[in-house]
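Working notes, structure below.
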Amino acid sequence: MENILDAILFAVLVASGGLGLTSLAMFFLATPTDDSEVRQRQRFEFSFFGVAGLVIMFVMWYAIS
């Protein structure tokens, strides 16, 4: 019970890392659409959430150590 904070930080680390990596994968593997505005918005959202997820993962990793 004394390491409950580390367990919570680890859960956030795994969740944000998984979501960040899958968002970056979707950035590269997303199906192209005919509308360039929709494609640009999707690529921006996927890249933003991917990088944000990885940043949160590294912050949690630093907080645990």
Side-chain angles (χ1 to χ4, degrees):
M1 197 64 177
E2 63 190 44
N3 292 332
I4 192 72
L5 182 61
D6 287 340
I8 293 171
L9 292 176
F10 182 75
V12 172
L13 181 146
V14 170
S16 64
L19 290 173
L21 289 176
T22 55
S23 292
L24 286 178
M26 286 300 296
F27 174 79
F28 293 110
L29 301 175
T31 57
T33 60
D34 293 335
D35 191 7
S36 63
E37 182 180 339
V38 171
R39 182 176 43 231
Q40 182 180 4
R41 187 178 332 125
Q42 283 180 345
R43 289 179 64 90
F44 180 77
E45 288 175 359
F46 288 143
S47 64
F48 175 79
F49 286 121
V51 170
L54 292 179
V55 166
I56 292 170
M57 181 187 74
F58 287 125
V59 169
M60 292 300 120
W61 191 359
Y62 179 73
I64 289 174
S65 63

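Throughout, residue positions are numbered sequentially from 1 according to the sequence presented. Source: prediction; values computed, not measured.
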(request) Evaluate the side-chain proximity of Phe46 to Gln42: yes if any heavy-atom separation is below 4.5 Å, no if none is. (result)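 The answer is yes; the side chains approach within 4.5 Å.
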
Enter the distance from [X]:[atom1] to [Y]:[atom2] here, rounded to the nearest 0.5 Å.
X: Phe49; Y: Ile56; atom1: CZ; atom2: CD1; result: 10.0 Å
X: Thr22; Y: Leu29; atom1: OG1; atom2: CG; result: 11.0 Å
X: Leu9; Y: Asn3; atom1: CG; atom2: CG; result: 11.0 Å
X: Asp6; Y: Leu13; atom1: CG; atom2: CG; result: 11.0 Å
X: Phe48; Y: Phe27; atom1: CZ; atom2: CZ; result: 14.0 Å

Is it the case that one hydrophobic cluster holds both [X] and [Y], taking links as side-chain heavy atoms less than 4.5 Å apart, direct or via other members?
X: Leu5; Y: Met57; answer: yes
X: Leu24; Y: Met60; answer: yes
X: Val59; Y: Ile64; answer: yes
X: Leu19; Y: Ile8; answer: no
X: Met26; Y: Val38; answer: no

(request) Evaluate whether atom CZ of Phe10 has more than 12 neighbouring non-hydrogen atoms of other residues, nucleotides or ligands under 6.0 angstrom away. (result) no

(message) Check this for me, if you would: do Glu37 and Arg41 make a salt bridge, where the nitrogen-to-carboxylate-oxygen distance has to be below 4.0 angstrom?
(response) yes

(request) Please answer whether the main-chain N or O of Gly20 pairs with a side-chain N or O of Ser23 as donor and acceptor at a distance below 3.5 Å. (result)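 Answer holds: no.
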
